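Predicted, not measured: the structure shown is a model, and the values here were computed from it. In what follows, chains carry the letters A, B, and so on, assigned in the order in which the sequence lines appear, proteins first and then strands, with residues in each chain numbered from 1.
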Amino acid sequence: MFPRVRFAPSPTGVLHIGSVRTALFNWLYARHNGGKFLLRIEDTDKVRSTEQNTKLIFEILEWLGIDWDEEPVIQSTRLTRHREVAETMVEEGTAYRCCCSPEELAAKKEKALSNGKPYKYDGTCRDRNITNLQSVIRLKSKLDGNTKVTDLVQGSVVVENSQLDDIVLLRSDGTPTYMLSVVVDDHDMDITHIIRGDDHLTNTFKQIQIYEACGWTTPSFAHIPLIYGPDGAKLSKRHGAASAVDYRELGYLPETISNYLLRLGWSHGNDEIISRAEAIEWFDLKNIGKSPSRFDMKKLQNLNAHYIRQRDNASLLSYMLPFLKEQISEAEEKRLLRGMDDLKARAKTVVDLAEATTVYVEAPTHYDDACSKYATDIHIALLHDVVSVLDGISGSVTEEQIAQSIKELAEQQGVKLIEIAQAMRAALCGRLVSPSVFQIIEIIGIKETVNRINSFMAYTNCK
RNA sequence: GUCUCCUUCGUCUAGGGGUCUAGGACACCGCCCUUUCACGGCGGCAACACGGGUUCAAAUCCCGUAGGAGACGCCA
């Protein structure tokens, strides 16, 4: 039998990077086992759910190449079904109506807590046979014995039923709670394996009781550890970036995110760079670790640098275009394409890459302070020499030709190449870090090079 | 507070009784390459939380302790 798994995010916030990992694991599980990967939007909290968040969920999954197999289920459209199940449970005696007011319950809870006792609904309405439809419906949970989960990641976990509460299934306004709707939907969607964050582990016991009360087969569970920030607390905004959208905007490639997330908490021997095909071939729940892991930005960056280098220049260029501050012409695009090899060896993110491209499209708008080191009389004299050398070269030139001529010049003048090269870099780029100056000249051409050098000399002259 | 889970270099992890003087990757530090910065190459630093067992033998199995995390809503 082929597994059916699902990813069931709630659009009450921007898609968390940890949720993305859950989606990935579910997807890989389905693809590895020839099963189906389904999507369900859990939008029953109408107040906090937004269209924008829902849109972003689809967008991010597409961006990552995580495709789904059937029409996504929108949970809010299934309200009638949820209600129906709750009513049936009341009829069958596995649930009951409760008319304790929220205020009463809050008071009881406060009292219990102040006495240092664990709070649990006291079961006041459990056997009262209330018919008032304004009441909530609670699960009549088992009072003794225990409930066991054989989790595919966590192993066998047992909880005493006395610990479990009579949870609310249907609110007084007739809408289902999360506990009810997940169980009903997972059952109706024929979900065989539930792979989700381990913050749901304790919910599982309550949910199993609902499955049993309804006489449904419980699916298999796999609770994967959460992702934490560098300080060990749940990864959130204050750690910098917690949503998948953030990472996309920061210039991380989708293949980087997939690979990183896969490797976080899961391993296949010593493999670090894992292609999509390998991931599908190798993925197995058995290799998921049980301990939580911290998100390491440096490692993410390193991986991203790897994938940037690995992309072919044309696709990298088109991916980068939206990151550019200004639109560029076709001629400029060609320049960037030529310079891409040099550019991509240095970039950690696409944002870096986009920023670094400016040397190929425009003259420096300002010069870094460090450049003044190469604005001495000696350097200016050398730059004059460079200009004469370049003027002597006609037509299109290659990087090698230019390098050759400049090396000869250095030799003639009895200076080290670095002195000339850095002065040229300051003039051409306005800073002392850039791709090869000879390569830059090849791409921007002699004329523009001479212009930039002249501007630099004029600028130092004014100072 | 109650319940549940977790614990190998700073971080992600390999390992599942002897092959472990614990392997890899990122980070960090050197050196090499070099027109800068990167890339790349070579090398270095660095961990089995603690205490008891079991065993000829324990990072690996068992029990405690400590620390960390999660769940305890008419949120999902």
Just to be sure I understand the rule, does A:P102 reach a base, reach only the sugar-phosphate, or reach nothing, if contact means heavy atoms closer than 4.0 Å?
base

Would you classify A:S10 as touching base, sugar-phosphate or nothing, given that sugar-phosphate means primed atoms plus P, OP1 and OP2, and contacts are heavy atoms under 4.0 Å?
sugar-phosphate

Name the nucleic acid region contacted by A:G197, choosing base, sugar-phosphate or nothing; use a 4.0 angstrom heavy-atom cut-off, strictly under.
nothing

Sugar-phosphate only, base, or nothing, as touched by A:C100 at under 4.0 Å among non-hydrogen atoms:
base

Tell me whether the centres of the aromatic rings in A:H200 and A:F205 are closer together than 6.0 Å.
no

Could you tell me whether A:V182 contacts a base, only the sugar-phosphate backbone, or nothing, with contacts defined as non-hydrogen atoms closer than 4.0 Å?
nothing

Any base atoms under 4.0 Å from A:R263, or only sugar-phosphate, or nothing? Heavy atoms, all strands.
base

Just to be sure I understand the rule, does A:M424 reach a base, reach only the sugar-phosphate, or reach nothing, if contact means heavy atoms closer than 4.0 Å?
nothing

Looking at the rings of A:Y307 and A:Y252, which for Trp means the six-membered one, are their centres under 6.0 Å apart?
no

For A:H200, answer base if it contacts any base atom (sugar-phosphate contacts may also be present), sugar-phosphate if it contacts only those atoms, and nothing otherwise; contact means non-hydrogen atoms under 4.0 Å.
base

Ring-ring centroid check A:F295 A:Y228, cutoff 6.0 Å
no

Find the distance A:E272:CD to B:U11:C1' and express it as a whole number of Å.
12 Å

Do the ring planes of A:Y367 and A:Y459 sit parallel (below 30°), tilted (30 to 60°) or perpendicular (above 60°)?
tilted

Using a cut-off of under 3.5 Å, enumerate the N/O to N/O pairs linking the protein to nucleotides 61-65 of chain B.
none

Short heteroatom pairs, N/O only, protein and nucleotides 44-49 of chain B, under 3.5 Å:
none

Mind checking A:D165 for me? I need base, sugar-phosphate or nothing, with any heavy atom below 4.0 Å counting as a touch.
nothing

Name the nucleic acid region contacted by A:V136, choosing base, sugar-phosphate or nothing; use a 4.0 angstrom heavy-atom cut-off, strictly under.
base

Using a 4.0 Å cut-off on protein heavy atoms (strictly under), produce a 5'-to-3' string for nucleotides 32-42 of chain B with B for base contact, S for backbone-only sugar-phosphate contact, and - for none.
---BBBSSS--

Assigned chi class of B:C39 under the 90° convention is syn

I need the CG-C1' distance between A:D199 and B:A71, as an integer number of Å.
9 Å

Reckon A:T175 touches a base, only the sugar-phosphate, or nothing at all at heavy-atom distances under 4.0 Å?
nothing

Any base atoms under 4.0 Å from A:S291, or only sugar-phosphate, or nothing? Heavy atoms, all strands.
sugar-phosphate

With the side chain defined as heavy atoms from C-beta on, A:K298 is closest, among B:G70, B:C26, B:C74, to B:C26

